[in-house]
Amino acid sequence: MIKRVVECSTAGTFLSVHLGQLLVRQDGQVKGRIPCEDIGVLLIDNPAVTYTHSVLTVLLEQGAAVVVCNGRHLPAGLLLPLESNAVQAERFRDQIAAGESLKKRLWKQIVQAKIAHQAHLVRSDQQTYRVLMALRRRVRSGDPENVEAQASARFWPAFLQDPSFRRHREGPPPNHLLNYGYIVLRSAVARALCSAGLLPTLGIHHRNRYNAFALADDLIEPFRGFVEEKVRDMYTRCGPSDGQLTKETKAALLEVLYRSVTVGGFKGPLMVALHRTAASLVRCFAGEQKYLDLPQLCM
């Protein structure tokens, strides 16, 4: 069953848990009841929202991720369950024992899938499409030539057909939409990794000592295109904004997690497909599978 993404952004809201249900109270009145087992992600986006300790512990016990946003409406922190898989210790050992050659092969697959998705998004620009597909074929184990960065340099000017557009976290719109979409997606990826019994801190390519979600930053790459496609549709339809994230805008970006995708022969919501990819990574670490199950696109 697909889990629900619950966003709470109304000041004065009080969250608590009773009989396995998340109770949403406003002005002392119960406005909603949601079974905790149905929640995949709880996103809290207002400093005036209060909640009990049980909200966090019960949701984590049910395998949900809890995202807390800052004053700019961007996720500032992420809580994930640590005991969501019965054979977690065994999978930690396989993950830690994975050799460099395996990690490099996996990173090659991830980069190739990311570039293929970028090409898919700009396929109406035949010149950029051909360049990206040529770059995809040049990716070698571990991507020593950093073809990923070369592809991104060609992708972003074609993304909105605007040569002046630059992807930058603090850049002008629609960068703020990309920031929000990526971080929501990152939380869903990290949750899928924990559910599969993997440690999100140990990446296969990302290794920054301060990054607690390096593996999530690896596995998110082939899925970024779904956020980018959604943002481009919103930007094309509504035009430049003032850079503020409205409740409606955030709700539209959360829809990305419910988008239908095909991964490893399975077609279903992206949030479920992420679990397929994470499970295939477990099998790769265990030596049972050579290739990751990654999004399949019609090129």
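The figures here come from the full heavy-atom set of this structure, side chains too, leaving out hydrogens, waters and symmetry mates. The structure displayed is predicted, hence computed values, not measured ones.
Taking all atoms of both residues into account, the shortest heavy-atom contact from Ala151 to Leu135 is CA-CD1, 3.7 Å. The two residues Val147 and Asp143 come nearest to each other via the heavy atoms N-OD1, 2.8 Å. Taking all atoms of both residues into account, the shortest heavy-atom contact from Pro173 to His176 is CB-CE1, 3.5 Å. Looking at every heavy atom in both residues, Val139 comes nearest to Lys108 through O-CE, 3.3 Å. Nearest heavy atom pair, residue Leu185 against residue Phe223, reads CD2-O, 3.5 Å. The two residues Lys230 and Ala252 have their closest heavy-atom pair at CE-O, 3.1 Å.
Atom CG of Leu193 sits about 4.5 Å away from atom CG of Leu215, to the nearest 0.5 Å. Taking CZ of Arg123 as the reference point, atom CG of Leu297 lies at 9.0 Å (rounded to 0.5 Å). Here CE of Met133 is found 11.0 Å from CD of Gln126. Values are rounded to the nearest 0.5 Å. Here CG of Leu106 is found 12.5 Å from NE2 of His205. Values are rounded to the nearest 0.5 Å. Atom-to-atom distance recorded for Leu60:CG and Ser54:OG is 11.5 Å, nearest 0.5 angstrom. To the nearest 0.5 Å, atoms CG (Leu121) and CZ (Arg224) are separated by 13.0 Å.
Within 6.0 Å of CZ in Arg33 there are 12 or fewer heavy atoms belonging to other residues, nucleotides or ligands. Sparse packing is recorded around CG of Asp27, with 12 or fewer heavy atoms of other residues, nucleotides or ligands lying under 6.0 Å away. Open room surrounds CD on Gln127; 12 or fewer heavy atoms of other groups in view lie less than 6.0 Å from it.
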What's the verdict on salt bridge (charged side-chain N to carboxylate O under 4.0 Å, His left out) for Arg207 and Glu100, showing C-alpha distance, side-chain angles and the deciding distance? CA-CA 13 Å; Arg207 301 177 184 181; Glu100 284 302 308; 2.9 Å; yes
Can you list the steps and then say if Gln118 with Arg136 is a side chain to side chain contact (heavy atoms under 4.5 Å, CB included)? CA-CA 10 Å; Gln118 291 173 328; Arg136 178 180 180 274; over 6 Å; no
Could you check Leu43 against Cys69 for side chain to side chain contact (heavy atoms under 4.5 Å, CB included), going step by step and ending with a plain yes or no? CA-CA 7 Å; Leu43 198 153; Cys69 294; 3.4 Å; yes
Check step by step if side chain to side chain donor-acceptor pair (under 3.5 Å) holds for His206 and Asp218. CA-CA 6 Å; His206 290 87; Asp218 289 328; 2.5 Å; yes
Begin from the C-alpha positions of Glu61 and Cys36 and carry the test side chain to side chain contact (heavy atoms under 4.5 Å, CB included) through to its verdict. CA-CA 9 Å; Glu61 287 170 359; Cys36 291; over 6 Å; no
Criterion side chain to side chain contact (heavy atoms under 4.5 Å, CB included) on Arg186 and Asp217, from CA distance to verdict: CA-CA 7 Å; Arg186 189 187 191 219; Asp217 290 337; 2.8 Å; yes
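Put simply, the side chain of Glu229 reaches to within 4.5 Å of the side chain of Arg259, judged on heavy atoms. Residues Tyr51 and Leu42 have side chains not in contact (no heavy-atom distance under 4.5 Å, counting atoms from C-beta outward). The shortest distance between side-chain heavy atoms of Ile39 and Leu22 falls below 4.5 Å. You'll find the side chain of Ile204 reaches within 4.5 Å of the side chain of Ile110, heavy atoms only. Side-chain contact between Asn211 and Phe213 is present, with heavy atoms from C-beta onward closer than 4.5 Å. Between Cys194 and Arg191, every side-chain heavy-atom pair lies at or beyond the 4.5 Å cut-off. Side-chain contact between Leu79 and Val68: absent, with no pair of heavy atoms (C-beta onward) separated by less than 4.5 Å. In this structure the side chain of Pro144 never reaches within 4.5 angstrom of the side chain of Lys104, judged on heavy atoms.
In terms of modelled atom types and a separation under 3.5 Å, the side chain of Arg154 and the main chain of Leu132 share no donor-acceptor contact. Looking only at distances, no side-chain donor or acceptor of Arg140 sits under 3.5 Å from a matching main-chain atom of Arg137. Of the possible polar contacts, none joining the Thr13 side chain to the Ser9 backbone as a donor-acceptor pair under 3.5 Å is found. With Glu7 contributing its side chain and Lys250 its backbone, the two residues share no donor-acceptor pair below 3.5 Å. No donor-acceptor pair under 3.5 Å is formed between the side chain of Gln29 and the backbone N or O of Gln26. Looking at Thr236, its side chain never comes within 3.5 Å of a backbone N or O of Asp233 through a donor-acceptor pair.
Tyr235 and Val256 fall within a single hydrophobic cluster, where Ile, Leu, Val, Met, Phe, Trp and Tyr side chains are chained together by heavy-atom contacts under 4.5 Å. Connection of Leu198 to Leu202 is not established within any shared hydrophobic cluster, with ILVMFWY side chains joined at heavy-atom distances below 4.5 Å, either directly or through further cluster members. In this structure, Leu56 is not a member of the same hydrophobic cluster as Phe14, with clusters built from ILVMFWY side-chain heavy atoms closer than 4.5 Å. Taking hydrophobic clusters as Ile, Leu, Val, Met, Phe, Trp and Tyr residues chained together by side-chain heavy-atom distances below 4.5 Å, Tyr258 shares a cluster with Val67. Cluster annotation: Leu23 and Val58 are assigned to distinct hydrophobic clusters (Ile/Leu/Val/Met/Phe/Trp/Tyr, side-chain heavy-atom contacts under 4.5 Å, transitive).
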Quick one: side chains of residues 281-292, donor-acceptor pairs under 3.5 Å with protein atoms, not counting sequence neighbours, listed by atom name and distance.
from   : atom 1 : to     : atom 2 : distance (Å)
Arg283 : NE     : Gln289 : OE1    : 2.5
Arg283 : NH2    : Gln289 : OE1    : 3.3
Arg283 : NH2    : Asp293 : OD2    : 3.3
Gln289 : NE2    : Tyr291 : O      : 2.6
Gln289 : NE2    : Asp293 : OD1    : 3.4

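The ring of Phe226 has its center closer than 6.0 angstrom to the ring center of His117.
For the residue pair Asn175 / Arg169, no side-chain donor-acceptor distance below 3.5 Å is found, with atom types taken as modelled.
Ring geometry, Phe159 versus Phe155: the interplanar angle falls from 30° to 60°, so the pair is classed tilted.
Residues forming a side-chain contact (heavy atoms from CB on, under 4.5 Å) with Asp162 (at least two apart in sequence, or on another chain): Leu160, Ser164, Phe165.
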